[in-house]
There are 2 protein chains.
Amino acid sequence: MSVAVGMASPELLALTLALTFRFNESTMSSRLGNKIRGSVMSDGSMRRGMGWSTMADVAREAGVSLMTVSRVYKRPDSVAQRTREKVLETGRRLGFSPNSIAGNLASGRTSMIGIVVPSLRNSNNATSIQGMADYLRQASYHFMIANTGYSMEDEAAVVKAFMQRRPDGMVLTGTRHGHETIDLLKAAHMPVVETWETRGPFIDMATGFDNYEAARRITRHLVDRGYRTIGYIDYPAIGLDRYLERLRGLKDELGSAGLEPTSVVSPLDAGDLYQDASSFRGGALGLRKLQEASRDIDAVLCASDILAVGVLFECQRQGVRVPDQLAVAGFGDFEIAAEVPPGLTTIRTHGYQIGWNAAEMLVTRINQPRAEIPLRDVGYDLVVRGSS
Amino acid sequence: MSVAVGMASPELLALTLALTFRFNESTMSSRLGNKIRGSVMSDGSMRRGMGWSTMADVAREAGVSLMTVSRVYKRPDSVAQRTREKVLETGRRLGFSPNSIAGNLASGRTSMIGIVVPSLRNSNNATSIQGMADYLRQASYHFMIANTGYSMEDEAAVVKAFMQRRPDGMVLTGTRHGHETIDLLKAAHMPVVETWETRGPFIDMATGFDNYEAARRITRHLVDRGYRTIGYIDYPAIGLDRYLERLRGLKDELGSAGLEPTSVVSPLDAGDLYQDASSFRGGALGLRKLQEASRDIDAVLCASDILAVGVLFECQRQGVRVPDQLAVAGFGDFEIAAEVPPGLTTIRTHGYQIGWNAAEMLVTRINQPRAEIPLRDVGYDLVVRGSS
DNA sequence: TTGTACGCGTTATCAA
DNA sequence: TTGATAACGCGTACAA
């Protein structure tokens, strides 16, 4: 029996050889007591021994002990150079690849991070996931992701499921979580970073920015520009902390100018939100709702750039001139904000940095369990463009 | 010693109790021979025994055998109801959470899928990742993701790293991969699905659509509409199979109409591409390049909707009327295509379905290693809107 | 329906 | 610098 292949590279030959070797061994001597070896040959229900070479195989072939092989792959410096080379060469020849699962069990560390986001399609999340991915990769960590669809029950389920895989740390989006989630993580002493907000209380660590202050800042900009009849297009009211903070910031800032929001609308229903793709349309719908509520509205602030761009598109269709007849502002500074005519005034957030920070904080804490790791505020910037 | 907490839920109390119990046990009797138990109390370098309750703990407390506990959590039906309830209750009380890592090692299955994408910020990928996530979740699988930044070397490194975690299957983006990657996967008999293309050869399984035919289809539409001077804005030339196919489709279709592309430009440099966010700007740059190459260009086809929307924005800035002076077409049918005035003509792809399929095919193959799983073509649709 | 025995492939510890 | 040994926590096979 041999492995069927197309092009045969040295690496492939090595692995083929390794597999063949293992099968022969089990067929002939079975001295480890394994009656069956290799799922490839078995009846399908049997999955023990996947046909991979093990450290024991390499050790035997190279004439060293198992621990030496382990050291060669884990801390190469702790092994004499000649030994190391011999082992590596043997390993290559046998197509050996260390089994992390076994290592995890023995060491109690998985080098795995669990990441929980509301949606995988959200640009904000994508950016900070990329930040985490870039940091984690150079630190030799892997990560699992799951999305909650903005539901706390799902979040709890996801966290529970992740815990069974014993990740070394966990990243959550936002700071509002169910008791079950919080209790579970705290009791397990799981290193946790909460992201996108700087207002606690936190389970453990956090990085983000002050959504409340950012919303006040951009509202103040609109007020300073002379706009007085200001509407707000919110995310659907599902109680996401950071969006609640943005709305609160808007109201407080208008309040201190003796104003109040002319109208606050939430254009999407839950179904749309879960899709998370329908937000341009949400912005357009939102504008129409605002116009129904008040004909003389002169500025619209949106909970995200996507909504705001949807507003700009709707203005274009209606022939409403921006910013002369209507000012529009968003939140996020996605690429489109700079590109869409006439340019979208918005709050620049630093999603990539949030992701990077979260990963870095986690890894620091994992390596130094006692470390006190303070909140990291990445700040925000007001970016004024043609729409206001 | 006890766990510090804010609000104490029943679940938390259970877990606290479990941890305390374990610590006491080790401190007092240490009858398993563990000198140290629980990383929380140790000096930081010691990580064995994480302080979690184990099946053995539950078994002892519930007065059953370890296997009974295992069965309760793996195949509850195979245990008498009374026994099951007793075990579950004990498990809850001890805050027990099955350790998948140990289960993986024992069973040879990880219930983990490795997903390799070029970029985490790309909308296409995000959509199909969501499809995979939704399928995998209901099938009780988790997944790891890594991005390659469009580099084959990085892809090989990522695949190698994933293999050490012994995933049950792997999803790759596209069909063009390095020999090293291919050989490794084949030799390991790893179930693999390649996505977004239906033209082989494949490592194992594939789902996607025919990019070549789709490009011909939308090109034909432009030709039928009477456009004759057609430019193309490509992704950067890094040899991504599906983009090469799109360009080939354009050329062939124009060819059979006795035409040829007026100009083909690739507006982004590699740095921009890696960011993957700068594509609106890429479209705008591309249009300007096309205009430099030929003043009487009357239609532009783009390799993606994002580029096409960038073209629309640039038209708006230049005062070019769409579609009267210039027709614009994209590829992807992202939400923005329907929302941006005057509506973007494009090819609708089915990214979510591709992701869902990929996951489903993988799980099928994992459960039935012998299964022949044919290519799944999800097709595409021409969507004509105001821009052409 | 439940239990016993053993192995999964690695790492921590301690001794040489 | 290297080796022997004992876990890590669970699932498979088989027996009762």
Side-chain angles (χ1 to χ4, degrees), chain A residues 22 30-37 39 42-43 45-59 62-84 86-87 96-110 164-166, chain B residues 22 26 30 32-37 39 42-43 45-59 62-84 86-87 96-110 164-166:
Chain A
R22 298 281 290 175
S30 169
R31 67 167 150 142
L32 292 173
N34 302 342
K35 306 242 175 64
I36 307 176
R37 198 124 213 197
S39 63
S42 75
D43 66 30
S45 75
M46 172 62 203
R47 302 264 308 180
R48 281 209 160 168
M50 297 297 287
W52 294 86
S53 316
T54 68
M55 282 191 175
D57 296 329
V58 177
V64 297
S65 81
L66 206 138
M67 267 318 295
T68 300
V69 179
S70 174
R71 288 190 185 103
V72 165
Y73 287 93
K74 265 218 111 192
R75 296 191 301 116
D77 297 339
S78 68
V79 173
Q81 183 178 347
R82 278 199 46 163
T83 317
R84 192 194 320 146
K86 186 173 56 181
V87 169
F96 171 70
S97 160
N99 182 331
S100 314
I101 299 291
N104 297 163
L105 185 59
S107 70
R109 307 180 56 139
T110 54
Q164 302 195 353
R165 294 201 133 89
R166 304 292 193 265
Chain B
R22 300 282 288 175
S26 65
S30 167
L32 292 174
N34 301 341
K35 306 243 175 62
I36 306 177
R37 199 128 212 191
S39 62
S42 73
D43 66 32
S45 74
M46 172 61 203
R47 301 265 309 182
R48 279 208 160 167
M50 297 297 287
W52 294 85
S53 312
T54 69
M55 282 191 175
D57 296 330
V58 177
V64 298
S65 80
L66 203 145
M67 264 321 293
T68 301
V69 180
S70 173
R71 287 189 185 103
V72 165
Y73 286 93
K74 263 219 112 193
R75 296 191 302 115
D77 297 339
S78 67
V79 174
Q81 182 177 347
R82 278 200 46 163
T83 317
R84 191 193 322 146
K86 185 173 57 180
V87 169
F96 171 70
S97 160
N99 182 331
S100 314
I101 299 291
N104 297 163
L105 186 58
S107 70
R109 306 181 56 139
T110 54
Q164 301 194 353
R165 294 203 134 89
R166 303 294 192 266

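Each chain gets a letter, A, B and so on, in the order the sequences are listed, and its residues count up from 1.
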- [ ] Kindly write out the residues that satisfy side-chain hydrogen bond (donor to acceptor under 3.5 Å, both in side chains) with A:R165, not counting sequence neighbours, or none if the list is empty.
- [x]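 Only B:H142 meet the side-chain hydrogen bond (donor to acceptor under 3.5 Å, both in side chains) criterion with A:R165.
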Task: side-chain hydrogen bond (donor to acceptor under 3.5 Å, both in side chains) involving B:T83 - partner list, sequence neighbours excluded - done: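 Scan of B:T83 (side-chain hydrogen bond (donor to acceptor under 3.5 Å, both in side chains), adjacent residues dropped) gives none.
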Just compare [options] and give me whichever is closest to any side-chain atom of [X].
X	options	value
A:T68	C:dT11, C:dT4, D:dG3	D:dG3
A:L105	D:dA4, C:dT11, D:dC8	D:dC8
A:M67	D:dC10, C:dT13, C:dT10	C:dT13
B:S65	C:dG9, D:dG9, C:dT4	C:dT4
A:A106	D:dT12, D:dG9, C:dG9	C:dG9

Integer-rounded Å distance: [N] [atom2] and [X] [atom1]:
X	N	atom1	atom2	value
A:I101	C:dT11	CD1	C1'	15 Å
B:N104	D:dC10	CG	P	11 Å
B:R165	C:dG9	CZ	C1'	15 Å
B:R109	C:dG7	CZ	P	23 Å
A:M55	D:dT5	CE	P	19 Å
A:L66	C:dT13	CG	P	17 Å
A:Q164	D:dC8	CD	P	20 Å

Task: Presence of B:S70 side-chain N/O under 4.0 Å of D:dC10 phosphate oxygens OP1/OP2 - done: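 It does not, given that no N or O in the side chain of B:S70 lies less than 4.0 Å from OP1 or OP2 of D:dC10.
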Side-chain donor-acceptor contacts of residues 65-79 of chain A below 3.5 Å, not counting sequence neighbours, with atom names and distances?
residue	atom	partner	partner atom	Å
A:S65	OG	A:M67	N	3.4
A:S65	OG	A:T68	N	3.4
A:S65	OG	A:T68	OG1	3.3
A:S78	OG	A:R75	O	2.7

Task: Under 3.5 Å: donor-acceptor pair, side chain of B:S100, backbone of A:Q164 - done: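 The answer is yes, because a donor-acceptor pair under 3.5 Å joins these two groups.
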Task: Side chain proximity check, A:V87 to A:V58, heavy atoms < 4.5 angstrom - done: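 With C-beta onward as the side chain, the pair touches.
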Task: Within-4.5 Å side-chain heavy-atom neighbours: A:K86 and A:V64 - done: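 Of all side-chain heavy-atom pairs linking A:V64 with A:K86, at least one is under 4.5 Å.
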TODO: Please confirm whether any donor atom in the side chain of A:R71 sits under 3.5 Å from an acceptor in the base of D:dG3, or the reverse.
DONE: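 Indeed, a donor on one side and an acceptor on the other fall under 3.5 Å apart.
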- [ ] Please list residues of residues 72-84 of chain B whose heavy atoms come under 4.0 Å from any atom in DNA chain D, ordered by number; otherwise none.
- [x]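 Heavy-atom cutoff 4.0 Å gives B:K74.
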Task: Between CG on residue A:N104 and CD1 on residue B:I101, distance to nearest 0.5 Å - done: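 Answer rounded to 0.5 Å: 4.5 Å.
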